[in-house]
Amino acid sequence: MEIKSAVFLTSMASYLQRPPIHLPQLAVVGKSNVGKSSLINSLCNRKMLCKTSSTPGKTRLINVFLINDQFHLVDLPGYGFAKVNKKEKNRWAEMMEQYFRESTLLCHVLHLVDMRHEPTQDDVVMSGFLREMGIASTVVATKADKISRGARMKHMAPICRALLVQPWDIIPFSCNDGTGRPELLKHLEDVCQFLAPRTS
Ligand code: GTP
Ligand code: MG
């Protein structure tokens, strides 16, 4: 897939303010700081479409982008950010729960994990949740530039064990050196062919 146009549509604190145009959605989830917003920028070949930061907790709202006038790409706030207070954590949990419950147009999720680290308990919960909800997902292992090619397989094993996926189903990705960008775009092309809103 070639991303020819990427337009910021809206930021929502609640999914009840959903976008007026009904298009299939593809969402990006993962731990805070894993590289969700950076991945969207990289895919769209734009530096500042999404705001990124080296400090976790940058994305706090549900941000929706219109891609190729064809589907919505949704940048979600990250989970597992230890430094936020309980009130903020509860707000996050409610916002995400509501999003996943109400977003009947959500067709596919890119679940990002940092290639360098074992998935966290939150990652495992997210993976199980997506499976339970019947939402198709793809695991993307980010920050691949931090691991040499030869060592990557070793880093995939704990990800496979924790998230119950096969190594060949994981897409290694780096927004710094372009690793995995063509593969992920091809994957999105395949996914988009079958984008159809969930029936439940
Ligand atoms: P939240 O919005 O807080 O949930 O974070 P996020 O998942 O959107 O992460 P973001 O894209 O803001 O990136 C977090 C940090 O990781 C930034 O400093 C990025 O420059 C860095 N980063 C993201 N992707 C990569 C990558 O592929 N390689 C390297 N080396 N750094 C990356
Ligand atoms: Mg972000």
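We count ligands from 1, going down the list as the structure has it; atoms in each ligand are counted the same way. Computed from a prediction, not measured in an experiment: that's the story for all the values here.
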*Verify the cluster assignment for Val74 and Trp92: are they in a single hydrophobic cluster under the rule of side-chain heavy atoms below 4.5 Å apart?*
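They do share one cluster, since a chain of ILVMFWY contacts under 4.5 Å joins Val74 to Trp92.
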*Using a 4.0 angstrom limit on heavy atoms, which residues are close to ligand 1?*
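Close residues (ligand 1, cut-off 4.0 Å): Lys31, Ser32, Asn33, Val34, Gly35, Lys36, Ser37, Ser38, Thr52, Ser53, Ser54, Pro56, Gly57, Lys58, Thr59, Gly78, Lys143, Asp145, Lys146, Ser174, Cys175, Asn176.
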4.5 Å side-chain heavy-atom contact, [X] and [Y]:
{"X": "His187", "Y": "Val191", "value": "yes"}
{"X": "Phe65", "Y": "Cys44", "value": "no"}
{"X": "Phe173", "Y": "Leu43", "value": "yes"}

*Protein N, O or S atoms lying under 2.8 Å from the Mg ion (ligand 2), listed by chain and number*: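 Short answer, with waters excluded from the count: Ser37 OG, Thr59 OG1.
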_For Thr52, all residues meeting side chain to side chain donor-acceptor pair (under 3.5 Å), sequence neighbours excluded_ =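 Expected list: none.
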*Can you sort out the partners of Arg60 under salt bridge (Lys or Arg N to Asp or Glu O under 4.0 Å), two or more places apart, ordered by chain and number?*
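If we apply the salt bridge (Lys or Arg N to Asp or Glu O under 4.0 Å) test to Arg60, skipping adjacent residues, the hits are Glu88.
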Taking atom types as modelled and ignoring hydrogens, do the side chains of [X] and [Y] form a donor-acceptor contact shorter than 3.5 angstrom?
{"X": "Thr179", "Y": "Asp177", "result": "yes"}
{"X": "Ser38", "Y": "Asn41", "result": "no"}
{"X": "Ser127", "Y": "His111", "result": "no"}

